[in-house]
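Reading through the structure tokens given below for one structure.
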Amino acid sequence: MDLEDVEEFRERCTQCAAVSWGLTDEGKYYCTCCHNVTERSKEVISTEAIPNTKIQAINRGLKRKRKLEKGWDWYVCEGFQHVLYQQAEALKTLGVGPELKNEVLHNFWKRYLQKSKQAYCKNPVYTSRRKATVLEENPSHSDWDSEPELLSDFSCPSFVESGAESQPDVHTRKPFPINKASQSETASVCSGSLDGVEYSLRNRKGVVKMTMPRTLAFCSLSLLWRRETITLSDLLRFVEEDHIPYINAFQHFPEEMKLYGRDKGIFAIESWPDYEDIYKKMIEVATFLDLPRFPDITEDCYLHPDILCMKYLMEVNLPDEMHSFTCQVIKMAGIGEVDFLTFDPVAKMAKTVKYDVQAVAVIVVVLKLLFLLDDNLEWSLSTIAEKHNEENKEDKPWFDFRKWYQVMKKSFDEKKQKWEEARAKFVWKSEKPLYHSSIDRSVAYKRREMVVNLQKQFSTLVDSTPTVEKKNPSSFQFNWTEEDTDRTCFHGHSLQGILTKKGQSLTTKNSLYWLSTQKFCKSYCKHVTTYEESNFSLSYQFILNLFSFLLRIKTSFLHEEVSLIEKRLFKTKYSKTKKKSSRSRKVRK
């Protein structure tokens with residue numbers, strides 16, 4: 001390439017402010033210092049004076065095609081970086097503020113690269129070949145713009161910008177970049193990435209290895225830091241509804257990032273994310289990063305159980321008056337305190353609250369306090385409410401548990417059936433074919449093309465379209481309104497039928513209560529308690545199944561949380577059972 005071709009272009013690079021330009025095969029200018037490609041291209045005034053113009057253009061195209069087939073040199077951490085960027089962009093479209101990507105997740109990822117010694121350290125793990133894109137020694141020449149802020153140094157909830165990040169040229173900043181690396185080095189024969197084989201075998205002690213499920217843990221921690229209105233169950237549901245890239249997220253990789261072989265086992269996921277698994281990974285990641293105490297969860301925060309209980313009461317079509325009872329249970333159990341709700345990874349027993357599961361468990365406890373849920377009392381109270389509503393049609397209706405059960409069961413069964421059908425029809429195969437080595441590339445693409453053609457022919461024969469319409473994202477899965485004549489809305493119904501006056505206060509007619517767990521497991525057990533459906537009433541089973549479906553969790557997981565709240569609420573009952581068990585042991589001796 002002659003210097004005459006680029007000397008006429010003297011503008012400064014928007015990334016590193018250098019004036020050192022080269023020409024790509026497409027005729028666009030790129031910075032030789034930081035490889036930033038501009039939209040400007042070399043202008044050709046007249047093609048008459050240039051011989052063989054058309055032939056040269058064809059040659060350029062072929063050359064670019066060969067380079068595309070070969071691909072860039074890239075590392076696994078750059079692939080995860082791209083996935084995190086796409087997930088952050090998706091959260092932004094769902095209404096989350098841009099600060100989550102540009103400040104919180106951006107800094108969490110930097111901190112991870114530093115702690116795992118992949119970047120921002122003296123001796124990174126990438127000692128051979130080229131360094132990863134994120135490993136720029138001089139931050140002023142990278143798209144990251146600044147050294148990683150050490151989060152342990154911050155005492156305030158929001159991240160403080162460094163001097164480099166507070167410069168006026170913020171519009172040109174590109175967080176989570178994937179730069180064009182040198183094409184001189186070939187990728188591994190067994191993987192498209194340079195370190196795919198090494199990464200899949202790597203198992204360094206004390207280092208949390210990055211995986212696809214841990215990308216969701218990073219997102220969930222970032223949402224928790226920002227105290228956004230998206231819980232962990234909402235996040236996983238949005239993943240399931242394809243609003244957040246996770247399954248086949250590698251399809252969003254640039255075309256030049258070739259992915260095959262061992263990369264398939266790293267980035268290709270063929271299972272839905274599990275709530276308990278992501279929850280545990282959140283704690284692992286936060287502990288590994290040595291994150292400071294998270295911002296306080298106060299009463300005006302969406303994640304506070306008072307607010308979440310109101311949200312889930314509305315979703316399952318229960319009366320608004322029940323909210324006062326949930327608030328009382330929260331206060332009595334001591335689970336609404338700031339210190340209890342705020343996540344502190346530095347603490348000795350680092351564990352975050354399962355905010356959505358806890359709120360739902362509180363509602364289950366309140367339902368047991370009001371209706372006992374023993375397959376007897378709730379139906380007796382329903383008969384009284386039904387009789388009163390028939391005799392007093394103009395008054396505010398009393399809440400009828402039987403009628404609510406019938407309405408909810410019908411809606412729940414319909415929703416669950418659609419969900420199961422959608423899961424059964426889900427196509428795990430990606431549109432972008434995966435192959436074991438570069439040699440199998442052409443065969444994989446031919447097979448994929450054949451499969452797509454067969455699917456089109458079959459759908460034409462059966463007169464159906466294989467594509468499923470994407471649902472609009474919503475915090476609610478069930479919607480209830482007074483105007484809906486087909487389904488009864490119970491939000492405005494009264495609880496007078498289950499309450500009785502005692503002096504100046506109202507108390508429940510039901511004075512009994514049964515504990516979900518009589519005896520908790522030992523400390524060395526992985527679970528707190530066990531759940532056998534046959535040991536519990538049908539009403540209790542239905543309530544657990546309903547809420548478990550809403551949160552996409554196992555019923556045993558919710559039952560465990562209910563038991564833990566009861567343990568805090570009825571300390572005297574559990575202390576009596578402990579004394580009885582100790583006495584029986586003494587008698588046996």
Side-chain angles (χ1 to χ4, degrees), residues 91 94-97 99-100 103-104 154-159 219-235 275 279 282-283 286 291-347 349-370 474-476 491-492 495 505-506 508 547 550-551 553 558 561-562 564-571:
L91 287 170
L94 291 173
V96 176
E99 296 82 9
L100 180 131
E103 296 177 13
V104 185
F154 292 104
S155 58
C156 57
S158 59
F159 290 96
C219 291
S220 186
L221 285 171
S222 303
L223 290 166
L224 179 56
W225 185 278
R226 289 290 304 169
R227 296 180 292 184
E228 294 287 348
T229 57
I230 297 179
T231 60
L232 178 56
S233 60
D234 290 333
L235 178 70
Y275 187 105
Y279 169 75
M282 283 175 63
I283 299 172
L291 297 180
R293 179 184 166 102
F294 275 51
D296 291 345
I297 305 298
T298 54
E299 290 183 359
D300 59 343
C301 179
Y302 177 79
L303 297 175
H304 194 277
D306 285 348
I307 298 176
L308 280 178
C309 280
M310 174 58 81
K311 187 251 183 187
Y312 290 117
L313 285 171
M314 292 173 63
E315 179 135 31
V316 296
N317 201 14
L318 286 169
D320 298 335
E321 291 182 9
M322 279 186 64
H323 187 241
S324 61
F325 291 95
T326 59
C327 291
Q328 289 180 49
V329 169
I330 290 165
K331 189 175 181 180
M332 291 172 66
I335 58 175
E337 302 297 326
V338 174
D339 290 337
F340 177 82
L341 294 171
T342 305
F343 181 36
D344 189 2
V346 188
M349 294 292 289
K351 60 179 180 180
T352 181
V353 176
K354 301 179 279 287
Y355 300 97
D356 39 12
V357 182
Q358 179 186 256
V360 163
V362 169
I363 296 174
V364 176
V365 171
V366 169
L367 286 170
K368 287 176 68 178
L369 286 167
L370 296 176
S474 173
S475 297
F476 291 89
H491 291 162
L495 295 177
S505 60
L506 288 171
T508 60
F547 282 116
L550 281 179
L551 304 184
I553 59 175
L558 177 55
E561 194 67 25
V562 171
L564 290 172
I565 291 176
E566 289 177 346
K567 189 178 181 181
R568 298 177 68 95
L569 203 60
F570 305 104
K571 293 178 182 178

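By convention here, the first residue in the shown sequence is residue 1.
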**OP:** For E99, check side-chain contact (heavy atoms from CB on, under 4.5 Å) against everything at least two apart and list the hits.
**Re:** E103, R226

Original post:
For the atom pair OH (Y312) and OG1 (T231), what is the distance rounded to the nearest 0.5 Å?
Top reply: 4.0 Å

Subject >> Nearest atoms (heavy-atom pairs only) where S475 meets D234 >> reply: O-OD1, 4.4 Å

Subject >> Option from T326, V329, I297, L341 for which side chain to side chain contact (heavy atoms under 4.5 Å, CB included) with P305 holds >> reply: L341

**OP:** Can you sort out the partners of S220 under side-chain contact (heavy atoms from CB on, under 4.5 Å), two or more places apart, ordered by chain and number?
**Re:** L232, L235, M282

Original post:
How would you list, by chain and number, every residue that makes a side-chain hydrogen bond (donor to acceptor under 3.5 Å, both in side chains) with Q358, sequence neighbours excluded?
Top reply: none

**OP:** To the nearest 0.5 Å, tell me how far I553 CD1 sits from S233 OG.
**Re:** 8.0 Å

**OP:** Return each pair, listed once, that meets side chain to side chain donor-acceptor pair (under 3.5 Å) where at least one residue sits in residues 334-343; pairs must be two or more places apart or across chains.
**Re:** R293-D339

Original post:
When rounded to the nearest 0.5 angstrom, what distance separates CG in D306 from CG in D300?
Top reply: 11.0 Å

Subject >> Straight-line distance of L303 CG to E228 CD, nearest 0.5 Å >> reply: 9.5 Å

**OP:** Keeping the roles fixed (side chain from D296, backbone from T298), state whether a donor-acceptor pair exists under 3.5 Å.
**Re:** no

**OP:** Could you tell me which residues satisfy side-chain hydrogen bond (donor to acceptor under 3.5 Å, both in side chains) with K311, sequence neighbours excluded, listed by chain and number?
**Re:** E315

Original post:
Given side chains that start at C-beta, do those of L550 and V360 come closer than 4.5 Å, heavy atoms only?
Top reply: no

Subject >> For L370 against F325, the heavy-atom pair lying closest together >> reply: CD2-CE2, 4.1 Å

Subject >> Which residues share a side-chain contact (heavy atoms from CB on, under 4.5 Å) with M310, sequence neighbours left out >> reply: M314, H323

**OP:** Evaluate the criterion side chain to side chain contact (heavy atoms under 4.5 Å, CB included) for residue pair L558 and V357; output intermediate values, then yes/no.
**Re:** CA-CA 7 Å; L558 177 55; V357 182; 4.2 Å; yes

Subject >> Residues forming a side-chain contact (heavy atoms from CB on, under 4.5 Å) with E321, sequence neighbours excluded >> reply: K396, S494, L495

Subject >> Closest non-hydrogen atom pair between V364 and F547, with its separation >> reply: CG2-CD1, 4.0 Å

Subject >> Y279 side chain near T352 side chain, heavy-atom distance below 4.5 Å >> reply: yes

Subject >> Residues forming a ring pair (Phe, Tyr, Trp, His ring centres under 6.0 Å) with F294, sequence neighbours excluded >> reply: W225, F343

**OP:** List for me each residue that meets side-chain hydrogen bond (donor to acceptor under 3.5 Å, both in side chains) alongside S474, sequence neighbours excluded, and say none if there are none.
**Re:** none

Subject >> Minimum heavy-atom distance between R568 and A333, given as atom pair plus value >> reply: NE-O, 2.9 Å

Original post:
So which heavy atom on L367 is nearest to which on M322, and how close?
Top reply: CD2-CE, 3.7 Å

Original post:
Once you round to the nearest 0.5 Å, how far does CD1 of I330 lie from CG of L308?
Top reply: 9.0 Å

Subject >> Pairing residues for D356 by the salt bridge (Lys or Arg N to Asp or Glu O under 4.0 Å) criterion, not counting sequence neighbours >> reply: none

Original post:
Are the side chains of L100 and L223 in touch, meaning some heavy atoms are under 4.5 Å apart?
Top reply: yes

Subject >> Heavy-atom pair of closest approach, residues E299 and I307 >> reply: O-CD1, 3.5 Å

Subject >> Atom pair OH/CG of Y275 and L551 - distance to nearest 0.5 Å >> reply: 7.0 Å

**OP:** Only counting residues at least two apart or in another chain, list the ones meeting side-chain hydrogen bond (donor to acceptor under 3.5 Å, both in side chains) with K354.
**Re:** none

